[in-house]
Structures are given as structure tokens and as C-alpha cells.
Undergrad: 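Here it is, the structure, as C-alpha cells.
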There are 2 protein chains.
Amino acid sequence: MLITPAEENYLKAIFKIAEQEDKPVQTNAIAHEMNTAAASVTDMLKRLAEKQLITYEKYRGVQLSPAGNQIATVLIRKHRLWETFLVDKLGFPWDQVHELAEQLEHIQSDTLTSRLDQFLGFPSFDPHGDPIPDAQGRWNRRAQIALSDMQAGQKGKLTAVADDAALFLQYLDQLGLALHAEITVLERFPFDQSMKVLIGEKATVLSEKVCQNLYCAV
Amino acid sequence: MLITPAEENYLKAIFKIAEQEDKPVQTNAIAHEMNTAAASVTDMLKRLAEKQLITYEKYRGVQLSPAGNQIATVLIRKHRLWETFLVDKLGFPWDQVHELAEQLEHIQSDTLTSRLDQFLGFPSFDPHGDPIPDAQGRWNRRAQIALSDMQAGQKGKLTAVADDAALFLQYLDQLGLALHAEITVLERFPFDQSMKVLIGEKATVLSEKVCQNLYCAV
DNA sequence: AATTTATTTTAGGTTAGTCTAAAAATTAAT
DNA sequence: ATTAATTTTTAGACTAACCTAAAATAAATT
């Protein structure tokens, strides 16, 4: 059965949403994630259900089937391997690889994926700190918590960023925040959930939104 | 103006056919090259003419415009850079890279192309000995002649193969014929234009078709 | 419980890229 | 120079992936 790039993208979006909350994924959530009209999503859900890649009950939301889950996992694996390639081998900055990987992830060749994996030294995490599932679809989970959940006085090392948007990553660059940077929580401001943190030598205030998107090993 | 992968493929096919004979490219030739119905070609030619990528006169065949030529050149450049990457960096055999490069060539990013070029050391020829146009679209032409045009007694080094089909390349592997191999023409058989040649230590008879697809520097 | 609001689906339409079969134009052959 | 053969185009149809607007269903509120 051949899966189109558009179908793969829907499966990936469903996977991503399902990861955050453990309940059937809603049509509107998918439409928002993919920047499409809800009607287009309904169309596609029917096709995906037809192909047994999701379980779909009208008005009730969807869930990935085992087959759908596997396709999404392979797609994420390819995406993150390509991002690693672009940064480690071609020297791209981390804020410029997401869009490119969105194209490269659709290249169909298991051999290519596994050779690329080997060429990169079987990496476990991508340039944004996200885990790369292995050839069997197994995930590396790492002990890490959101910076927004850390207490004043706690120290941590930046292990992952939860948002790959170029603007966000460029902002982190400006702050001197790269993966593995040391962060110390100096003070929490309950008013707006912002925090004062120490990055290297420099103290900065980070908004709640930024803190929610930074993960640390403590 | 955005060019779709399908449009790119048509431009590449036109380029390839025009390379062989210097006259307007016929609809049927394109249809044959692309394994599509002639009617589909006519449809696409109208679209390409609309976009000013070809000059098209009904029933008269087509020619690439400067813009169309540039797109085809970049596409071939990307195709051959990816093939080089797959062989040199990922260790693919030369008979397995064509189909993959057909996918990879459509990745849209000038930055990626130039970084890949640099990563590979600005190669001038791909794994099949075909020239790779540089970032300005300039071609490396090399002094070489078809084995089928060589005379008995002549010696040469294999510089390029004119057919990327896996079956042909595997046959060459069997014969011990890799790029840069030394070939000596022992005898020509006028009856069917086959030749007896020396490859390394081994004498073999090659059909006319094979000889036409092998190029040598003498 | 009835009504309002939000969500989802259906209906109907568009574009790109393909197809087959029939018609038109060109080229070759008698 | 007609006729026959070949090539090309048109006509009409299909699928995937999208859209807007309207209808249907579910959830929330009074």
C-alpha cells in the first residue's frame, strides 16, 4: 500500500497531538496543527481510516492504528536523522533545518534511512534534543523536566527545546542558550510565571512561554 | 513562480532529449522518456509554455527557454550531487543511486545544494562519470569517445557510462568494469558491431549496445 | 429541558496531473 | 497529388488534496 506525503503529514500531526494528551485527537486540532480547513481534515480522515491507518468514528475524534503509528514513527525518525545530518555534517544552524527536514523526511528508502543512521553514528537525539527512534521504532526517553517546573535554586543542563520554530531558536541563540548549556533558576515570579535564570555568567528573565519550551536534566 | 516536481521532470526529460539531437523535441519522444501518454505531455507542454519555460508551437515540438534550461541544469546538478553523496559518503553501490536521486533532486533549497557541494569537495563528475554543472550552471566537458567508435588496438580508460539502469551497471560489475578501468580493443566484428576487448587481464566480447554506452579517454 | 455555541461533516467546486478514445494535422508513400 | 500512416491535439473523465458555505451533531449554558 502506498502512502502519499500528505497522508504521512497527517499521521505525523495526529501522533504529535496524541503525544500531548491521551484522548482521541479532534478534527480541529489537526486542522490547526496543519493549517488546513477542518473539511479537508475530515476528507483525509476518511481516506486514512479506509487504509486502516487510524480508527475513526464520526464526531468522535481519531487514534492511530498500529500501522499508522509505525508510519508516523518512521517519519519522525527520518526527520530527526536528516536534521542531525544537516547540522552535524553540513554545518547548518539549528534554526534552519526544520523546513528542510520536512521535505527530506518524505524520501522513501529504508536502505537510505539505515545508511544515514550509520553514517551519523546512530544518534539518539537530534539537534533540538528530541529523541530519535531506532530502526525498531524504540524511543529513548530521558529524565528531564520543563524549566517552568523547576524551583528557585535548582540547577540544570538544557537537554531539549520543545519548539523548532526559527524565531524561537534564534532568540535562544541571542541568549547564549545552546543544547547542554547550564541553567540556574535564580527566582520565580508568581505574577506571570516568568523566571530569572542564570545562563553561564549572565542573568536573564525568561517568560513563561519560553520556560515551558525548555527542558533540563537536573 | 513555483515549479512542481512534475514540471521539473518534464524539463529534465526535454533537456536530455535535446542533448542528443539538435532539433525541436517531439511530444512522443517526451512521452517515451517519461513513460506517460502523449496526451499528458501535450497538457504539460501547454502549462510549461504558459510559464515561459519552453517555446512551444503546436505540432512543431518544443525547446527549452533560458529559464527552463536553468531549472533543468540545477535539477541535474542536484541529481548528480546526491548520487555522489550516496556513493562517496553513504557507501551505496553505483547501481542503486539513480532512483533515490530522482527523489532527492526535488528537494528545494539552494543553500542545501551549495553546502552539499562543499561537503563533497565540489566534485566535477558523478559516480557514473557524468559531469556535474557548477553553481553557475557551467559544464565540465571531457575528451572522451564511445567505445563503439574506437579502433582495434586502441587503449582507453573508462570515464563514463551513458546508461544508469541498474541492470546495465550490474552487468558491468560482473565484467569487472568500474570507472577508470583500462580497456583495450582487441578486435571488431563488423557483422554485428560487437567487439572483443581486454578488461584488466580478461578478454570479453561486448555487444554493440554495451559499447555505445561506454565512454573512454584514449 | 430547551436553547445557544462550538465542532464536525456534507455538498459542491477547484487545480494538477494523469488517462483513453476520437479528431486533426503532419509526414510518408503510392 | 491523393491516400495511407504517423504524430499530435482535443474532448471528456478520473483521483488526490485542497477550499467555502451550509447542514448536522455534540457540548455547554441558561
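Order of the sequence lines fixes the chain letters, A, B, ..., with proteins taken first and strands second; residue numbering starts at 1 for each chain.
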Undergrad: Can you sort out the partners of H106(A) under ring pair (Phe, Tyr, Trp, His ring centres under 6.0 Å), two or more places apart, ordered by chain and number?
TA: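 For H106(A), no residue satisfies ring pair (Phe, Tyr, Trp, His ring centres under 6.0 Å) once neighbours in sequence are set aside.
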Undergrad: Over how many whole Å does the gap from Y59(B) atom OH to dT7(D) atom C1' extend?
TA: 9 Å
Undergrad: On the nucleotide dT8(C), are OP1 or OP2 found under 4.0 Å from the side-chain N or O atoms that N28(A) carries?
TA: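 True: N28(A) side-chain N/O within range (under 4.0 Å) of dT8(C) OP1/OP2.
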Undergrad: Name all pairs fulfilling the salt bridge (charged side-chain N to carboxylate O under 4.0 Å, His left out) condition that reach into residues 120-139 of chain A, sequence neighbours left out, sorted by first residue then second.
TA: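 Applying salt bridge (charged side-chain N to carboxylate O under 4.0 Å, His left out) to every pair that reaches into residues 120-139 of chain A, excluding sequence neighbours, yields R80(A)-D126(A), D134(A)-R138(A).
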Undergrad: Can you sort out the partners of F85(B) under ring pair (Phe, Tyr, Trp, His ring centres under 6.0 Å), two or more places apart, ordered by chain and number?
TA: F85(A), W82(B)
Undergrad: For nucleotides 10-20 of chain C, just jot down a letter per nucleotide in 5' to 3' order: B, S or -, based on protein non-hydrogen atoms under 4.0 Å.
TA: B-----SBBBB
Undergrad: OP1 or OP2 of dT8(D) less than 4.0 angstrom from a side-chain nitrogen or oxygen of Q26(B), does that happen here?
TA: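 True: Q26(B) side-chain N/O within range (under 4.0 Å) of dT8(D) OP1/OP2.
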Undergrad: Any salt bridge (charged side-chain N to carboxylate O under 4.0 Å, His left out) pairs touching residues 91-120 of chain B, not counting sequence neighbours?
TA: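 For residues 91-120 of chain B, and leaving out neighbouring residues, the salt bridge (charged side-chain N to carboxylate O under 4.0 Å, His left out) pairs sorted by first residue read K12(B)-E102(B), K12(B)-E105(B), R77(B)-D117(B).
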Undergrad: What pair of heavy atoms forms the shortest contact from M195(B) to M150(B), and how long is it?
TA: CE-O, 3.5 Å
Undergrad: Please state how far atom NE2 in H32(A) lies from atom C1' in dT7(C), giving the value in whole angstrom units.
TA: 15 Å
Undergrad: Please list, by residue number, the residues of residues 13-20 of chain A whose heavy atoms come closer than 4.0 Å to an atom of DNA chain C; answer none if no residue qualifies.
TA: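 When residues 13-20 of chain A is checked for heavy atoms under 4.0 Å from DNA chain C, there are no hits whatsoever.
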Undergrad: Listed by chain and number, what are the ring pair (Phe, Tyr, Trp, His ring centres under 6.0 Å) partners of F15(B), not counting sequence neighbours?
TA: W139(B)
Undergrad: If the condition is side-chain contact (heavy atoms from CB on, under 4.5 Å), which residues does A178(B) pass it with, not counting sequence neighbours?
TA: none
Undergrad: Strictly by salt bridge (charged side-chain N to carboxylate O under 4.0 Å, His left out), give each pair with a member in residues 46-73 of chain B just once, sequence neighbours left out.
TA: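 Passing the test, one end in residues 46-73 of chain B: E7(B)-K51(B).
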